[in-house]
Amino acid sequence: SLLRAVLAETGIRALEACEASVWDVKELEGATYLTLRVKGRRGGYQEPASIPLSEGTAALVRAQVATRGPVAPDSPLFVTTAGQRYKRTQLSQLFIRLGRRAGITRISTSPHKLRHTANVIARLAGIDTLTRAAMLNHRSLHTLARYEHLVPGETAKGRALARDGRVAICVDE
């Protein structure tokens, strides 16, 4: 549940979660951050991204690390039941199994699908494109286009708004 909460809240990729270590959790002025090298920032001299955690999620992270007793700073932040660092495929399979247990069979419930879903939910909540790109740790707004998906009824709603004159549609000839 901790891993699900962190992935949903931070928008980090599954590989970034697998690579996260205890020392990546930083506290600054009462706030907790994950400082990770995210996709696009893995080059030599680039600063890691500082991704904020909510108070509740930060408390869960601290509690999970504390249950493991004394750990080295470079120990994995998220561990399997065997106490090992997750591999990317293990993490994906875990999420797919959780989806099946929840009765979700028509679509994949991989960590990457969680990123797409978080984007759509944020868009439907009215969060602007720039903020959504930052939430998913994208360096380019163009990348966000791959994460845009229609939900059932969205096209019909758009047509109804256009029909009622509440939205102007321009068509080039």
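Position 1 is the first residue of the sequence; numbering continues from there. No experiment lies behind these values; they were computed from the predicted model shown.
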query = Would one find more than 12 heavy atoms of other residues, nucleotides or ligands at under 6.0 Å from atom NZ of Lys26?
reply = yes
query = Can Gln90 and Cys18 be said to form a side-chain contact (heavy atoms from CB on, under 4.5 Å), step by step?
reply = CA-CA 9 Å; Gln90 285 177 305; Cys18 292; over 6 Å; no
query = Can you tell if the side chain of Gln93 reaches within under 4.5 Å of the side chain of Lys87, non-hydrogen atoms only?
reply = no
task = Indicate yes or no for a side-chain donor-acceptor contact from Gln64 to the backbone of Leu2 under 3.5 Å, with no hydrogens or angles considered.
result = no
query = Could you give the distance from CG (Leu141) to CG (Asp128), rounded to the nearest 0.5 Å?
reply = 9.5 Å
message = Can a side-chain donor-acceptor contact be found between Ser92 and Thr89 if the only test is distance below 3.5 angstrom?
response = no
query = Distance from Arg62 atom CZ to Thr67 atom OG1, nearest 0.5 Å?
reply = 13.5 Å
ask   = Do the non-hydrogen side-chain atoms of Val22 and Val25 ever get within less than 4.5 Å of each other?
value = no
ask   = Considering all heavy atoms of both residues, which atom of Leu91 and which atom of Leu3 are nearest to each other, and what is their separation?
value = CD1-CD2, 2.9 Å
note = Looking only at heavy atoms, the pair that brings Arg115 and Leu136 closest together is NH2-O, 3.0 Å
remark   = Taken to the nearest 0.5 Å, the spacing of Ile12 CD1 from Glu19 CD works out to 10.0 Å
Review item, side-chain donor-acceptor pairs of residues 74-82, under 3.5 Å, at least two apart:
residue	atom	partner	partner atom	Å
Ser75	OG	Ala72	N	3.2
Ser75	OG	Ala72	O	2.9
Thr80	OG1	Ala82	N	3.2
Thr80	OG1	Gln84	N	3.2
Thr80	OG1	Gln84	O	3.4

key: Over all atoms of both residues, closest heavy-atom pair of Glu16 and Arg37   = CG-O, 4.1 Å
Side chain to side chain donor-acceptor pair (under 3.5 Å) against Thr129, all qualifying residues, sequence neighbours excluded = Arg132
message = If hydrophobic clusters are built by linking Ile, Leu, Val, Met, Phe, Trp and Tyr wherever their side-chain heavy atoms come under 4.5 Å apart, do Tyr33 and Leu7 end up in the same one?
response = no
key: Test item: Arg88 side-chain N/O and Ala14 main-chain N/O as donor-acceptor pair under 3.5 Å   = no
Neighbour count >12 (heavy atoms, 6.0 Å) for atom CZ, Arg100 = no
message = Is there a path of hydrophobic side-chain contacts, each under 4.5 Å between heavy atoms, that joins Val6 and Met135?
response = no
query = Ignoring hydrogens and geometry, is there a side-chain-to-backbone donor-acceptor pair from Thr109 to Phe95 under 3.5 Å?
reply = yes
request  = Using modelled atom types only, decide if a donor and an acceptor are shared between the side chain of Asn119 and the backbone of His116 within a distance under 3.5 Å.
outcome  = no
Where Pro52 and Thr10 come nearest, the two heavy atoms and their spacing = O-CG2, 4.2 Å
request  = State, yes or no, whether a side-chain contact exists between Arg4 and Leu98 at a heavy-atom distance under 4.5 Å.
outcome  = yes
ask   = Does the side chain of Lys113 reach to within under 4.5 Å of the side chain of Ile107, using non-hydrogen atoms?
value = no
task = Mind checking the CD1-OG spacing from Ile96 to Ser110? Nearest 0.5 Å is all I need.
result = 6.0 Å
Donor-acceptor under 3.5 Å (Thr131 side chain, Ile127 main chain) = no
inquiry  = Check whether Thr35 reaches the backbone of Asp24 with its side chain - one donor and one acceptor, N or O, closer than 3.5 Å.
reply    = yes
message = Hydrophobic cluster membership, with links at side-chain heavy-atom distances under 4.5 Å among I/L/V/M/F/W/Y: are Leu60 and Leu34 in one?
response = yes
